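Notes for the one structure printed next.
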Amino acid sequence: MKEGSKATPLNLCPYCTAAFDTFEELKTHVVSVHKTEPLPKPAGWIALTVNGQVHELKVEPEWTLYQVIHDRLGLMGVKMFCDRGACGSCTVIMDGRPILACMSLAIECDGKHIQTAEGIAEAKHPLVESYIKHHTMQCGYCTPGFITTAKALLDRNPDPTVEEVMEALGGNLCRCGTYPQHPKAVLEAAQTLREEGSK
Amino acid sequence: MTAKKLGPYQTLKAEGTYKIGADKPTIAFNRIGKRGVRRYDGYAKASGKALYTRDVLLPGMLYSKVLASPFAHAKILRLDTRQAEAYPGVRTVLRFDDPAIHGRELTGSIAGPTRMAPQSAGWAMLPVKTILGDEAIFEGQMVGVAVCADSEQIAAEALKRVKIEWEQRPILLDQEEALQPEAPILIPGADSNQIIDERELTTKGDVEQGFQEAEQIVEFTARRHAHLWAGAELPCVIANWSGDKLEMWVHEQQPYLSKLILSEQLNIPMNKIQTHSLYQGCSFGERCNPSNWHQNGINVLAVLLARKAGRPVKLVLNRAETFYGESGDVMASHFKVGAKQDGTITAVQMKSVFANYMCTTGVEHLIDNTRISHLRCEGITAHVNKPPAWWCRCEQLPNVFCQTLIFDHVADALGLDPTQVALRNDGCEGHDPSYLSEFKRRHGFPDRDSLRECIEAGRKAIGWEEKWHAPGTRRLPNGRMHGMAFTWSHDWDDTRGTGSAAVMIQNDGSVSIIAQHSDVGVNPWTAYMQIVADELGVPYEDIEINPFDLNVGFALMSPDGSCNLGSNGFVVKKAAQKAKQMLLDLASEKFDRPADALDVKESVVFEKARPENRMPLKEVVKMATPMLNAVGIWTEPPVLAWAWHTHGLWGQALETGRPRMCRQANFIEIEVDTETGEVFVTKVVNVNDVGQAISPETVEGQMYGGTYMGLGRALTEEMVWDPSTGVLLNRNLLDYKYATLLDYPEAECIYLETGLGHGPYGSTGIGENTATMIPGLLGPAVYNAIGQRVDDFPITPHKVLKALGKIKE
Amino acid sequence: MRTFAHFNARTVDEVVSILRRYGERAHVIAGGTDLLGKMKDELLPKYPEALVNIKSIPGLEYIREDHGTLQIGALTRLEDIAADPLVRGKYNALAEATRRAASPHLREMGTLGGNICQDIRCWYYRHPDNRFPCLRKGGGRCYAMNGENRYHSIFGANVEQGCYAVHPSDTAPALIALNAKVKTSRRTLAVEDLFEVRVGKTTVLDSDEIVTAFEVPTPAKATKSSFVKFALRKTIDFPIVNCAAMIASEGGRVTAARVCLNAVYVKPYRATKAEEFMAGQPINEANAEAAGDAVVSDAKPLQHNGYMVQIAKVMVKRAILACRSEAPPAQT
Ligand SMILES: Cc1cc2nc3c(=O)[nH]c(=O)nc-3n(C[C@H](O)[C@H](O)[C@H](O)COP(=O)(O)OP(=O)(O)OC[C@H]3O[C@@H](n4cnc5c(N)ncnc54)[C@H](O)[C@@H]3O)c2cc1C
Ligand code: SF4
Ligand code: FES
Ligand code: FES
């Protein structure tokens, strides 16, 4: 989406109030005269890099990151389960941290890098296959939240202990009770990753 | 014997009706019962690509919300919706007094001569079963008005602008108080708060005689407070009209039935309703029954709103709104049990008072399971101003709750090992196990003693011999008290269910199972594909199922009552067998051999006597196609066969002459911190005789998975109401506490395969057992640890400390 | 959620000036894990008109030792504190408190400033749409006093208002036991003095004042600190009772003790009776038990929370015992 250029009717420089016809001209001005980058976006505009793709879009202040990723970007792997920060189902990885999309305001996520379960699967991360192998899903509604949380853990700690895996997944609820399978699946994926890495 | 020649319909019916007897496999198992079969839904679910109803967004879709009563008992005197209607973004408002619904009753599921009867509506306890009424008898009840707007937020805002004058009425929250003579009557015109239920009294034999035969009499009381399903996906329904055709997306275990109900309710021909039922984020029975208001009610409203608005409408519930339905085992019970010194139970008398709905009376497992001759069970249900109670994994909760407590109290009073007391009383409908042995022999089942085998396996796994002790006698080095307990029951073959499906061999030799089916996470499709693979002789990987569309006409038995596989296994098996016959029929022309001289394995058709005479299945069906541009070439009819199966009526195992023969045993080991009252579960052993496991990992998944739900129900899950207003206080997933990954250890799950089930290949159900069995087990376990009874569920630290005399109240 | 004006602040001054402009009608948002839940539920009579994001202010997220103190920026995430080797080494009570708070995800998002400034969890207060317009919202009565008060104060209500809602923070008692100070945009005060119960407020902060940092004095050599928490679940759960202690000993006897309970009173509850009792005593079972007894001798439980008295007593005992020089890790 490249709609940023028509967002403000009047392209005023926020530093010296000089006016420009187009947003691009204003941008050039700010970079050259005020030596700053990036130019503050027009109010409500954010750029999100989701699964490696940049999305620029206008959001309302009250929109949660869940609403933007699920409803706007159509990534259905972020799941609404508790809607209050109590279940981990809406977990995405944002700048390396597993965070809850239902408890984040999209407008505060400008410039962030985000990964969802879809991105993890597309990248053929071994977590996905090991989750399938270990039957680490029943109804599956909570599963993407576990996968993203586990991926964030393995990114930081490629060789976790069973306790560390359990601790990291402690914020993910599963009503079907798939719990015992997660440490098994995550540890196996970690091993596969390490083997792939050493090849 | 020359039977009357049956027509095609009667043939189908005869083939499809379950006949009592062991279902012995006629093929070698290649995939059935094997580990490592790739899970059908695995990739979709792990990759985040599985679509659930909640995920569906249609162009131009509107969102709808319904007003929830803030009062536990109140009537709308005046309703002013003008401001809501004028609110920007609001597209349609439907009021209870709209002629489209005014005074119309919400009809329920199949019952009685009229097929659809309001009496059977899932909110059976509700006196007024309006589609949308003007009176609330519990806080949170959807009443008065539904709005439809551009977004969920706007719909919610609009509802806040509805002005209502309420008449508040007195409330009752406790079922026993509701039956006191001085209690206010909740239902205008009724003369008491008791709900008439034909199951009110069950008697067998003569308890007085039983008590006289007894050498010991044990009496005790127990209580179970409300819990609920609290599934993962937030329920919603989507309706979209195009002319006279209706398209629906539903989160339901029984979408076909829901279509039938909708059609009856709104006069829409069934063939004009196209229903999609996608992946489902849990169900557990709560979303099983289309006659539940949260299901049927919102469906009807969504359809009416969509018609009025002329656009697709998604009616959504938020998390808090999903909390207005409780388990049907809210009970206060008194027990009197007579027993002989050797452990033989001579009589059981129980009296329970239920709130809003009695799932089961409490006595049924004692009938199905034991040789106890004298039983008397009184179950009274009272109206209270709380949400409708319903089945919730599963309706057998009261039955196993009672059985667990009765057996433990008796063993304790007699100073006997509870596993011995179980074996002493095992049986069926007052008969001892020799009756079952006779039945097994007569019907081709192996004469194995399922309970004994379960108990032996479980005792060994948990170390019962070494560790079990008298109550309150073992303090551990860490200062906590050690406790153990055991319970048992029969299997969960609910012996009912009907389904139909087709198996089709596509033109390229790949195979499709054609039928709608709802997935709630029990990995059913993998199991069906395993069965079809082995029965048809094709590789598992070549089979596919597309179960989301209800319009294919075939519908497999809904996943409730643990009768998923019990009936569907037969359906797909029979369909595969018929398809195989067709295939061999077709092949016989090509091989120029009779069909019965041929067989299929790994998608190769061959002559049994000369296996080198072979042809890939793909070649055999090359021209068998439903459609091919046949100019200048010949085609053949497709290889497609369908089957139907019915497995009797639910709850009538005995009338239909099918005693349950598989047993299960559950063992637990706990530690109690006597300073804080905290209960630590250290080991759970579940032993289930599943007859025959089709997918071992799936069986185990139900066993360990159910353990978490069971333990949560025992220790932390409880709905809490404000005593003066009747407002539900903990309707979110922080304050309603179910198990996290860190709360309990992984259960050890042992399944036995005795072939004693009435399902396909001798299998029986597993989906509901553990979650239902485990909760009651904590009562005996805590008693064994601290030597004091806490038969009040959930067993909170508060109650444990009270039993220990650490706090006064 | 209903809409509001939103500002991504770049400096503390900018926050203060926006807050001044809006008065009580604006809130700052840090991790948002507490605030957004409140906004979604619209539980207050007045919905915020504006949110001021302080995560966009650079330089408020740090952990460092500086002149015999540990300095922690207000925006530092709980998870980072829990994982920090420095904190784990010398400030065990804080490491443990942050490790046991909420859930992993919430700790990745939730800040220390937000944890200290978080609102109460009374389920009447938290019920959506201001269903119970109680004292704490400026209404006329407390619904918990005679209602479902199993998680409410056992040490009485706050005096002026009769509110029994407990302070739910896990980190507050740890910071108080460690004798920490809190720095705001305008002053420095002891964490212990930060809490105040008023309509719509849990702290003494003015409406245009924000927390910027915490300063924890580095404990002396023979000093140990601990944190214990009792909750119904092992994670994703607020404390029913928690307790932190910091005890300095010499020659086997306690020279100084600071013990603080939380979730038992409307503010973090300094267990001064335990501190007094322990002074000069060796740390052992009997003394720790007696110290616990002393603390709860003042308890005035409500109808449904009597069990919390017993648990509070045990938490005090265990927190103290965990400060023994070779104490095994506390169990709860
Ligand atoms: C499911 C769930 C479980 C939880 N469990 C626990 C638990 O076990 N223990 C526990 O302690 N907490 C728990 N919490 C509460 C809370 O989320 C965390 O404590 C978190 O640390 C709050 O930090 P935050 O940055 O997200 O706060 P925010 O939500 O951003 O802010 C909370 C409040 O503090 C104010 N505020 C934030 N920063 C400042 C500042 N620098 N100066 C002035 N005011 C400020 C805000 O205006 C707001 O009113 C839980 C929350 C949830 C949703
Ligand atoms: S305890 Fe306080 S917050 Fe809770 S209802 Fe009473 S006054 Fe309100
Ligand atoms: S849906 Fe976001 S944490 Fe539960
Ligand atoms: S698999 Fe169903 S909630 Fe986790």
Side-chain angles (χ1 to χ4, degrees), chain A residues 62 67 70-71 74-89 116-122 127-148 165-185, chain B residues 36 38-39 41-52 54-57 153 229-234 279-284 318-320 519-523 695 697-698 700-702 704-710 712 732-735 738-747 770-771:
Chain A
E62 72 276 16
Q67 282 172 286
H70 185 276
D71 297 359
L75 293 165
M76 303 305 187
V78 277
K79 289 273 178 280
M80 176 63 68
F81 180 160
C82 75
D83 198 12
R84 291 295 182 278
C87 77
S89 236
T116 69
E118 289 94 333
I120 294 167
E122 289 298 333
L127 270 169
V128 173
E129 277 308 312
S130 90
Y131 261 61
I132 301 168
K133 177 176 158 193
H134 288 279
H135 286 241
T136 318
M137 67 282 293
Q138 286 183 17
C139 79
Y141 199 75
C142 68
T143 318
F146 274 95
I147 292 256
T148 46
V165 175
M166 290 174 67
E167 192 68 34
L169 298 176
N172 293 81
L173 284 181
C174 173
R175 186 49 157 169
C176 301
T178 56
Y179 295 133
Q181 302 313 98
H182 293 271
K184 297 172 195 164
Chain B
R38 188 179 166 86
R39 218 187 137 101
D41 54 0
Y43 183 81
K45 288 176 177 176
S47 64
K49 292 182 182 169
L51 272 191
Y52 296 72
R54 191 75 183 195
D55 296 326
V56 174
L57 305 169
Q153 183 62 38
W229 74 305
E233 181 185 357
L234 300 174
Y279 279 111
Q280 313 201 357
C282 301
S283 254
F284 302 125
N318 62 25
R319 176 49 65 188
D519 169 60
V520 297
V522 296
N523 196 23
S695 163
E697 294 97 333
T698 305
E700 288 161 353
Q702 292 305 303
Y704 58 70
T707 307
Y708 290 94
M709 187 184 270
N732 60 64
L733 290 179
L734 174 63
D735 296 319
Y738 55 72
T740 72
L741 188 143
L742 299 177
D743 289 313
Y744 307 113
E746 175 177 1
T770 318

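On a predicted model such as this, the values are computed, not experimentally measured, just so you know. By convention in this document, chain letters (A, B, ...) are assigned in the order of the sequence lines, proteins followed by strands, and residues within each chain are numbered from 1. We use all heavy atoms of the structure for the numbers below, so side chains are in, but hydrogens, waters and symmetry mates are not.
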*Considering all heavy atoms, the nearest B:Cys282-B:Gly231 contact*: CB-CA, 3.7 Å

*Output the distance between atom CG (B:Leu741) and atom CG (A:Leu169), rounded to the nearest 0.5 Å.*
6.0 Å

*Most heavy-atom pairs under 4.5 angstrom with chain A, which of B:Gly712, B:Ser47, B:Gly706?*
B:Ser47

*With distance as the sole test, does B:Arg319 use its side chain to make a donor-acceptor pair with the main-chain N or O of A:Phe81 at under 3.5 Å?*
yes

*asked:* Under 4.5 Å from any heavy atom of chain B, what part of A:Cys142 do you find: side chain, backbone, both or neither?
replied: neither

*For B:Arg39 and B:Asn523, what are the C-alpha separation, side-chain angles and deciding distance, and is it a side chain to side chain contact (heavy atoms under 4.5 Å, CB included)?*
CA-CA 7 Å; B:Arg39 218 187 137 101; B:Asn523 196 23; 3.5 Å; yes

_Looking at B:Ala739, is its backbone amide N or carbonyl O close enough to the side chain of A:Tyr179 to form a donor-acceptor pair, meaning the two atoms are under 3.5 Å apart?_
yes

*Ring centres under 6.0 angstrom apart (B:Tyr738, B:Tyr708)*: no

*Measure B:Arg54 against the heavy atoms of chain A and call it side chain, backbone, both or neither at under 4.5 Å.*
both

_Residue selection (most heavy-atom pairs with chain B, distance under 4.5 Å) from A:Glu122, A:Arg84, A:Lys133, A:His70_ = A:His70

*Most contacts with chain A, counted as non-hydrogen pairs under 4.5 angstrom, among B:Gln153, B:Lys49, B:Gln702, B:Glu746*: B:Glu746

*Pick one of side chain, backbone, both or neither for B:Gln280, based on which atoms fall under 4.5 Å of a heavy atom in chain A.*
backbone

*Closest-packed option against chain B by number of heavy-atom pairs under 4.5 Å, given A:Pro183, A:Gly74, A:Pro180*: A:Pro180

_Treating B:Tyr279 as the side-chain partner and A:Tyr141 as the backbone partner, does any N or O pair qualify as donor plus acceptor under 3.5 Å?_
no

_Interface moiety of B:Glu700 toward chain A, non-hydrogen atoms closer than 4.5 Å_ = neither

_Top contributor to chain B contacts, counting heavy-atom pairs under 4.5 Å, from A:His182, A:Glu62, A:Gln138_ = A:Gln138

*Heavy-atom distance under 4.5 Å to chain A: side chain of B:Ala50, backbone, both or neither?*
backbone

*At a heavy-atom separation under 4.5 Å, does B:Asp55 approach chain A through its side chain, its backbone, both, or neither?*
both

*Hey, is A:Arg175 close enough to B:Glu233 for a salt bridge, meaning N to O under 4.0 Å?*
no

*Looking at A:Glu167, A:Met80, A:Glu118, which makes the most heavy-atom pairs under 4.5 Å with chain B?*
A:Glu118

*Under a 4.5 Å heavy-atom cut-off, does chain A meet the side chain of B:Tyr704, its backbone, both or neither?*
both

_At a heavy-atom distance under 4.5 Å, which candidate from B:Gly521, B:Ala771, B:Ala747 has the highest pair count against chain A?_
B:Gly521

*Which atoms of A:Lys79 approach chain B - backbone, side chain, both or neither, heavy atom under 4.5 Å*: side chain

*Region of A:Ile147 that comes under 4.5 Å of a non-hydrogen atom in chain B*: side chain

*asked:* Working to the nearest 0.5 angstrom, can you tell me the gap between B:Asp41 CG and A:Cys139 SG?
replied: 9.5 Å

_Interatomic spacing from CG in A:Asp83 to CG in B:Leu234 - rounded to 0.5 Å_ = 7.0 Å

*Assess the side chains of A:His134 and A:Ser130: does a donor N or O sit below 3.5 Å from an acceptor N or O?*
no

*Report the option among B:Ala44, B:Ala230, B:Ala232 that has the most heavy-atom pairs separated by less than 4.5 Å from atoms of chain A.*
B:Ala232

